[in-house]
Number of protein chains: 2
Amino acid sequence: MKSSSTRQQIIDAADELFYAQGFGETSFADIAKSVSISRGNFYYHFKTKDEILDAVIEKRLSDREDMLRNWDEMSGNPAERIACFVRILIVNQTKIFAYGCPVGTLTMELAKLEHASSGNANRIMGLFRDWLIRQFSELGSGADAEARALHVLSWSQGVAALAQAFRDEAFVLREVDKILDWVGRGAPSSGLGQPGLAGI
Amino acid sequence: MKSSSTRQQIIDAADELFYAQGFGETSFADIAKSVSISRGNFYYHFKTKDEILDAVIEKRLSDREDMLRNWDEMSGNPAERIACFVRILIVNQTKIFAYGCPVGTLTMELAKLEHASSGNANRIMGLFRDWLIRQFSELGSGADAEARALHVLSWSQGVAALAQAFRDEAFVLREVDKILDWVGRGAPSSGLGQPGLAGI
DNA sequence: CTAAAAATAGGTCAATTGTCCTAGAGTGAC
DNA sequence: GTCACTCTAGGACAATTGACCTATTTTTAG
């Protein structure tokens, strides 16, 4: 019981530190200090740094799965669910300004390190992609569902990237509105199907 | 002369390594080995690691300025110039798949490190932004020029981020086409002005 | 040619890294 | 109580890090 708690504390602290500082720049000492345990105890729970990374990725994956499942159960309207996703940019604005998107930045870092867990990290991005595809399918996007999902996902990632660079609150609000608008309009303007619906 | 050459070799090697491995994961030894010089010689040219970083950022900045200036001189059509910018995603696809966008990833990393040169790195992103604003102004976007510029910039950043995660060549080609389409159409679909022009 | 300056080499330094190891303390079953 | 097992603490390790230093060698200036 206690051990499970300590283990979870380590994972939580590592999750936060990996997000704020990056995986490579976070040392065992950083995590141990954050949890107030000895390095020896640390190695009882995780034998290598990669093991902690994998545990953190699994936690993030499971956290996001819970989040998406909550939205699925909360609203019967796929457009509203997509809106929840996009509005993360606003809800987590402060952290995004400082540390970027947790998923995007980890994906980038591990890809650069050519780290073995890089593919694991990509699964989180894949989770978002697949969930968005499902939402757009329910929205009646048919064969365009995947393209639209990827568009929303990449758009969000881009906004997060620029948010971190410029820290422009108005920009984030404006872009979120534009994404929601695009979703609501069936997105004819992107050159994706439904040209007849081009509104305004 | 010789020294200038060595110094430039160091900057070039550091530029490449910072891109491929990240700033934090690149050591003096890595760069020295890449240039085949001793660490002692290294410290003759750069007293600290931050000094190399600043030199690399200056080089990147100046490289991008040259690139943009070339496009300015090459074509009288702003839309065509913007297209050059967007098509970097295709031209540099291989490297983007592996290392992401050089500008975006450095911006992210330095922001996370809360590094003193973070603001310097952001200047490169700012260079792109300002250049794009100018192009859209010439294109007659008026007061919307900035919003459209930021849209193209964030869109590109997002595509680069997803390209790195999924390595989907078709996705990149498709998104580039969509961006060019959006630029060519005056981008009414994003909710940015000129609604009357919304074609197809 | 010669003296000053620029450039290069390589050793040394303390600090930090990830990892391993052993010695206890705590806990539960019987 | 005792025994086995889980958990915790902290020392030791080699390797690597950024940084400093003192000698050489090479180049340049007069």
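The figures that follow rest on heavy atoms only: side chains count, while hydrogens, waters and symmetry mates do not. Residue numbers start from 1 in every chain, and the chains themselves are labelled A, B, ... in the order their sequence lines are given, proteins ahead of strands. All figures in this text were calculated on a predicted structure; none of them were measured in a lab.
- Backbone-only contact: B:T26 has heavy atoms under 4.0 Å from sugar-phosphate atoms and none from a base.
- When rounded to the nearest whole Å, the span between CZ of A:F42 and P of D:dG11 equals 18 Å.
- Computed from coordinates, the A:I37 CD1 to C:dG24 P distance equals 21 Å when rounded to whole Å.
- Across the protein-nucleic acid pair, B:H115 atom NE2 and D:dG18 atom P stand 11 Å apart, rounded to whole Å.
- A donor-acceptor distance shorter than 3.5 angstrom exists from the side chain of A:S137 to the backbone of A:I133, with no hydrogens or angles considered.
- Under the ring pair (Phe, Tyr, Trp, His ring centres under 6.0 Å) test applied with A:F85, the options A:F128, A:F136, A:W155 reduce to a single match, A:F128.
- In this structure, A:Y43 reaches the bases: a heavy-atom distance under 4.0 Å links it to at least one base atom across the strands shown.
- Computed from coordinates, the A:K49 NZ to D:dA15 P distance equals 19 Å when rounded to whole Å.
- A straight line from NZ of A:K33 to C1' of D:dT8 spans 20 Å, rounded to a whole angstrom.
- Closest contact between the side chain of B:T48 and the listed nucleotides D:dT8, D:dA19, C:dT17 involves D:dA19.
- We find that CD1 of B:I31 is positioned 16 Å from P of C:dT8, with the value rounded to whole Å.
- Atom OH of A:Y99 has 12 or fewer heavy atoms from other residues, nucleotides or ligands within 6.0 Å.
- When each of D:dA9, C:dT17, C:dG18 is scored by its nearest atom to the side-chain atoms of A:F28, the top-ranked nucleotide is C:dG18.
- Rounded to whole Å, the distance from OH on B:Y44 to P on C:dG11 is 21 Å.
- Minimum atom distance to the side chain of A:R39 is reached by D:dA12, of the listed C:dT8, D:dA12, C:dG18.
- Side-chain proximity of B:S38 to D:dT8, C:dA9, C:dG18: nearest is C:dA9.
- Atom CZ in A:F46 sits roughly 15 Å away from atom C1' in D:dT8 (whole-Å rounding).
- Residue B:H45 places none of its side-chain N or O atoms closer than 4.0 Å to OP1 or OP2 of C:dA6.
- Looking only at distances, no side-chain donor or acceptor of A:N92 sits under 3.5 Å from a matching main-chain atom of A:K95.
- Contact check, B:S27 against D:dT17: a side-chain N or O comes under 4.0 Å of OP1 or OP2.
- Which of D:dC7, C:dA7, D:dG18 sits closest to the side chain of A:N41 comes down to D:dC7.
- Of all heavy-atom pairs between A:A98 and A:R167, the closest is CA-NH1, 4.3 Å.
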